[in-house]
Amino acid sequence: MTYPRLILTLLALSPLMGHAAGAATEIGVELNKLETHAPDCRVYLVFDNGAGPALDVLQLDLILFDHEGLIMRRLAVDSAPLRAAKTTVKLFDIPDLDCEAIDRILINDVLECRDETGPLTDCVERLDPSSRAPAALVK
């Protein structure tokens, strides 16, 4: 095999080799929209699991902060299932909360994360938060 052909072959196989070795893949989590449904606040999260395996369980520990940096609420949010190679929208309502009061949402931890092989321990590190809403989404 010639040198250029060897490089092309290795480049073509590299995504498969990384996945086979158990390499963690990033999961995009976007705070897309906060929508008032008086007296509640509806939160829209967009999960981009385009490169990763399916997740059967993904439970997030979220902390909501107001504009003065004070903690308003703590929520456990079930975000699963997340299918492999798929972008998914999940939404949930926060009772008795004005959306405009939220300045920042912290992904404090992942309470539970599991795929078909069992529990995963690197899910917090895999999350890549972003926001299109007035409030920030951080970890």
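Here the structure is a predicted model, which means the values were calculated and not measured.
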Going by the side-chain hydrogen bond (donor to acceptor under 3.5 Å, both in side chains) test, which pairs reach into residues 62-76, not counting sequence neighbours?
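Every pair satisfying side-chain hydrogen bond (donor to acceptor under 3.5 Å, both in side chains) with a residue in residues 62-76: Asp61-Arg74, His67-Asp103.
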Could you list all the side-chain hydrogen bond (donor to acceptor under 3.5 Å, both in side chains) pairs where at least one residue sits in residues 38-47, not counting sequence neighbours?
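Found Glu35-Tyr44, His37-Arg42, Arg42-Asp93.
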Heavy-atom pair of closest approach, residues Leu58 and Ala80
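Residues Leu58 and Ala80, closest heavy atoms: N-CB, 3.3 Å.
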Over all heavy atoms of both residues, which pair between Pro53 and Ala84 is shortest? Give the atoms and the distance, please.
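Smallest interatomic distance, heavy atoms only, reads C-CB, 3.9 Å.
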For the hydrophobic clusters of this structure (ILVMFWY residues joined by side-chain heavy atoms under 4.5 Å, transitively), does one cluster hold both [X] and [Y]?
| X | Y | value |
| --- | --- | --- |
| Val89 | Phe92 | no |
| Leu34 | Leu97 | yes |
| Leu75 | Leu127 | yes |

Out of [options], which residue meets the side chain to side chain contact (heavy atoms under 4.5 Å, CB included) rule with [X]?
| X | options | answer |
| --- | --- | --- |
| Cys113 | Asp56, Thr121, Leu55 | Leu55 |
| Ile105 | Val77, Leu60, Leu137 | Leu137 |
| Cys123 | Ile27, Val57, Val110, Asp109 | Val110 |

Using 0.5 Å steps for rounding, measure from the CE atom of Met72 to the CG atom of Asp98.
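So the CE of Met72 and the CG of Asp98 are separated by 8.0 Å.
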Look up atom CG in Leu64 and atom SG in Cys41, then write down how far apart they are to the nearest 0.5 Å.
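The CG atom of Leu64 sits 8.0 Å away from the SG atom of Cys41.
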Using side-chain contact (heavy atoms from CB on, under 4.5 Å) as the criterion, list what pairs up with Ala76, not counting sequence neighbours.
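In terms of side-chain contact (heavy atoms from CB on, under 4.5 Å), with neighbours along the sequence ignored, Ala76 is linked to Gln59, Leu111.
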Are the side chain of Lys90 and the backbone of Val43 linked by a donor-acceptor contact shorter than 3.5 Å?
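Such a contact is absent between Lys90 side chain and Val43 backbone.
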For Pro129, does its backbone N or O pair with a side-chain atom of Lys139 as donor and acceptor, under 3.5 Å?
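No.
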Side-chain contact, heavy-atom cut-off 4.5 Å: Asn32 with Arg132?
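When only atoms from C-beta onward are counted, Arg132 and Asn32 do touch, with a gap below 4.5 Å.
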Within 6.0 angstrom of Glu100 CD, more than 12 heavy atoms from elsewhere:
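Check fails, neighbour count at 12 or below.
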